[in-house]
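Notes to accompany the following structure.
So you know, we letter chains A, B, ... as the sequences are listed, proteins then strands, and number each from 1. The structure presented is a predicted model; accordingly, all values stated were derived computationally and were not measured.
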Protein chains: 2
Amino acid sequence: MNNSQRKDIHNSEVPVVCQACEVRHRGVCGALNGEQLMRLSKHTKRHAISHAAELTTGGRSAERYANIMSGVVKLSKLMADGRQQIVGLQFAPDFVGRPFANADGITVEAATDVRVCSFPRETLEGLMEEEPELEQRLHRQTLRELDEAREWMLTLGRKNAEEKVASFLYLIATHVDPEGQNGTTDITIDLPMKRGDIADFLGLTIETVSRNITKLRKRGVIDVVDRRTVFVADLHRLHSATSQDLSR
Amino acid sequence: MNNSQRKDIHNSEVPVVCQACEVRHRGVCGALNGEQLMRLSKHTKRHAISHAAELTTGGRSAERYANIMSGVVKLSKLMADGRQQIVGLQFAPDFVGRPFANADGITVEAATDVRVCSFPRETLEGLMEEEPELEQRLHRQTLRELDEAREWMLTLGRKNAEEKVASFLYLIATHVDPEGQNGTTDITIDLPMKRGDIADFLGLTIETVSRNITKLRKRGVIDVVDRRTVFVADLHRLHSATSQDLSR
DNA sequence: CGCCTTCTTGAGGGGCGTCAAGCCCAGTGG
DNA sequence: CCACTGGGCTTGACGCCCCTCAAGAAGGCG
């Protein structure tokens with residue numbers, strides 16, 4: 001099962017660093033041919049970013065864009081008095097960074113330890129002009145993020161605390177998906193963030209998150225292996241906990 | 001001040017219907033040259049859609065895309081038991097419709113009376129391939145919608161009822177903006193939707209919306225002219241009501 | 001005028017926030 | 001090896017904000 005070389009007709013043209021890249025075909029790089037990849041890779045850097053570090057500091061702010069190779073990145077907004085709301089989570093192989101300027105007041109942080117492959121803004125924008133499919137891929141990712149944001153607006157505005165927590169667990173379960181999970185209905189979830197982050201994601205407090213994890217456990221929807229790992233015996237059961245019919 | 005003809009060097013090439021179009025330069029059409037506009041306009045239709053009608057019915061679902069010429073369009077999500085959340089509002093000259101497939105479970109309705117200029121899906125997608133700037137414009141609008149959705153997530157998750165209502169009024173004030181409002185700090189807002197819609201937008205109930213409009217009136221932040229019109233004497237005052245510092 | 005829809009206002013209750021105490025566990029140093 | 005410490009998490013007690021239920025006011029329209 002030599003996954004690393006599938007589909008590369010002219011492997012000689014593909015940069016060595018890219019040949020070994022886990023997300024090479026799925027990320028935005030999938031839109032580029034060997035020659036373009038070669039040019040891009042001349043300017044790329046791999047970074048390991050440890051948990052809780054901001055991605056926007058250290059000169060890498062709007063200067064560099066990046067692909068997530070592993071880990072989870074969180075986007076959040078902060079109010080003057082300290083209230084905080086997480087407005088997006090990104091997983092490999094998502095693209096991080098904002099084409100065409102400003103990301104008004106959004107903080108980008110590593111939720112877990114993260115590995116990224118970054119490159120200068122100008123390099124990507126140069127490639128965008130010559131390769132329309134690149135812009136199309138970015139456009140599609142933006143549309144996907146918009147869908148997720150809207151799904152989350154429904155959760156924030158109209159679900160109660162228990163449904164919110166179940167929704168979060170379901171989201172993580174379906175995203176961190178380590179290639180397996182096909183056909184299986186049970187899954188062990190490694191929570192990528194601590195209770196405080198989950199609270200900021202759900203528009204709740206730490207205590208309410210904790211109480212409702214306990215509630216789901218007592219109802220038998222989940223098993224709490226340890227504070228960072230949850231076992232779900234039946235994903236459908238979890239899914240139905242994300243929106244109980246309250247009208248009866 | 002002949003606004004209608006500004007900037008058209010070769011007006012002869014521009015379709016007559018487009019020459020009179022109020023949003024011709026600002027919408028996605030701004031990316032097209034005369035010849036392309038001519039081709040597009042062969043397939044466009046103007047529609048007047050009256051208040052509360054769905055835009056996705058009558059064969060105009062994924063078949064046709066549209067530009068909003070006037071009025072307000074609302075996007076909403078509905079849960080099985082009737083709970084509803086409005087996840088987006090669109091104003092002229094926004095583009096309505098989803099490039100590349102499915103708009104998973106989103107209902108598109110006219111919030112007010114609306115006029116649109118619509119065209120078949122294939123026509124637009126054909127033009128997108130030959131004119132990259134068209135895709136770029138759509139991409140930029142998607143990014144703007146994403147920003148707005150995230151701003152709204154902060155409102156839904158972390159603001160109290162009074163701040164939510166103030167945020168809604170401020171949003172409308174800064175969007176419906178009838179060309180004027182430059183330099184002035186007061187504005188009369190014509191609310192584009194009824195209390196129930198506002199509640200669905202804010203994740204509140206009708207009663208709470210009503211109570212907090214009253215509250216803002218009694219605090220002198222707004223004047224309620226009639227149930228559909230609000231006068232704001234000082235926009236800055238309204239803005240500061242959108243996020244009072246609760247930490248002291 | 002009567003009817004219907006929309007909006008406002010009040011009274012009461014519940015869900016989630018606030019405050020506080022205690023548990024679990026990893027890290028540190030004696 | 002164990003006491004100490006500190007961060008993260010859980011659990012309880014209590015209170016407030018917003019929802020629920022209900023009645024009435026204000027328009028709009030035949």
Side-chain angles (χ1 to χ4, degrees), chain A residues 51-52 79 81-85 111-112 155-169 189-219 222-230 244 246-248, chain B residues 50-52 79 81-85 111-113 155-169 189-219 222-230 244 246-248:
Chain A
H51 160 252
M79 291 175 65
D81 60 1
R83 283 177 284 177
Q84 190 172 9
Q85 176 68 45
T112 63
T155 301
L156 287 172
R158 290 303 183 196
K159 293 187 183 176
N160 64 27
E162 187 179 348
E163 292 172 323
K164 283 182 177 179
V165 171
S167 298
F168 170 76
L169 294 174
I189 312 177
D190 184 52
L191 298 181
M193 44 219 259
K194 52 182 116 170
R195 299 291 185 273
D197 283 335
I198 300 176
D200 283 340
F201 194 51
L202 296 170
L204 298 172
T205 60
I206 294 182
E207 297 92 327
T208 304
V209 170
S210 180
R211 269 185 264 267
N212 282 280
I213 287 179
T214 303
K215 204 164 166 186
L216 288 169
R217 175 171 58 76
K218 287 187 176 162
R219 281 187 38 203
I222 59 174
D223 286 329
V224 177
V225 181
D226 67 40
R227 40 178 69 177
R228 281 303 197 97
T229 26
V230 167
Q244 321 153 11
L246 302 180
S247 65
R248 55 205 175 78
Chain B
S50 58
H51 162 251
M79 292 175 63
D81 59 3
R83 284 178 285 178
Q84 190 172 9
Q85 176 68 45
T112 63
D113 289 348
T155 301
L156 287 172
R158 289 304 184 197
K159 293 187 184 175
N160 64 30
E162 187 178 347
E163 292 172 322
K164 282 182 178 180
V165 171
S167 298
F168 170 77
L169 294 175
I189 312 176
D190 184 53
L191 298 181
M193 43 218 257
K194 52 182 112 167
R195 298 292 184 272
D197 283 334
I198 299 176
D200 283 341
F201 194 51
L202 296 170
L204 299 171
T205 59
I206 294 182
E207 297 92 325
T208 302
V209 170
S210 180
R211 269 187 263 268
N212 282 280
I213 287 179
T214 304
K215 206 165 165 185
L216 288 169
R217 176 171 59 74
K218 288 186 176 164
R219 284 187 35 203
I222 59 174
D223 286 329
V224 177
V225 180
D226 67 41
R227 38 177 69 181
R228 282 305 197 97
T229 23
V230 167
Q244 321 153 7
L246 301 180
S247 65
R248 55 208 174 81

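- For the pair B:Gln84 (side chain) and B:Met79 (backbone), a donor-acceptor distance under 3.5 Å is absent.
- At the heavy-atom level, B:Asp226 lies nowhere under 4.0 Å from the strands shown.
- Atoms CG (A:Asp200) and C1' (D:dG8) sit 15 Å apart, rounded to a whole Å.
- Computed from coordinates, the A:Arg83 CZ to C:dC16 C1' distance equals 16 Å when rounded to whole Å.
- Atoms CG (B:Asp197) and C1' (C:dT5) sit 14 Å apart, rounded to a whole Å.
- In the interface, the side chain of A:Glu207 is paired with the base of C:dC19 through a donor and an acceptor atom under 3.5 Å apart.
- Counting atom types as modelled, B:Arg228 pairs no side-chain N or O with a base atom of C:dT5 as donor and acceptor under 3.5 Å.
- Comparing A:Arg227 and A:Thr208 along DNA chain D, the residue whose closest nucleotide (by nearest heavy atom) sits nearer the 5' end is A:Arg227.
- The interatomic distance linking B:Gln244 (CD) with D:dC17 (P) rounds to 12 Å, in whole Å.
- Counting only heavy atoms from C-beta on, A:Ile206 has its side chain closest to D:dT10 among C:dT6, D:dT10, C:dA11.
- Counting to the nearest Å, the P atom of C:dC16 and the CD atom of A:Glu162 are 9 Å from each other.
- Using a 4.0 Å cut-off between charged side-chain N and carboxylate O, A:Glu163 and B:Arg83 make a salt bridge.
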**Prompt:** Stepwise, does the side chain to side chain contact (heavy atoms under 4.5 Å, CB included) test hold for A:Asp223 with A:Val230?
**Reply:** CA-CA 6 Å; A:Asp223 286 329; A:Val230 167; over 6 Å; no
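- Rounded to whole Å, atom P of C:dT9 lies 12 Å from atom CG of B:Asn212.
- A:Leu204 has its CG atom 14 Å from the P atom of D:dT10, to the nearest Å.
- For D:dT11, the base has no donor-acceptor partner in the side chain of A:Arg195 [N/O atoms by modelled type, under 3.5 angstrom].
- For A:Arg211, taking side-chain heavy atoms from C-beta onward, the closest of the listed nucleotides D:dT11, C:dC16, C:dC7 is D:dT11.
- In this structure, of D:dT11, C:dT9, D:dC19, it is C:dT9 that holds the atom nearest to the side chain of B:Thr214.
- Nearest-nucleotide mapping onto DNA chain D: of A:Arg158 and A:Ile213, the residue sitting toward the 5' end is A:Ile213.
- Taking OG1 from A:Thr155 and CZ from A:Phe201, the interatomic distance works out to 8.5 Å, rounded to the nearest 0.5 Å.
- Interatomic distance, CZ of B:Phe168 versus CD1 of B:Ile213, reported as 8.0 Å (0.5 Å rounding).
- For the pair B:Lys194 NZ and C:dT8 P, the interatomic distance rounds to 14 Å; values are reported in whole Å.
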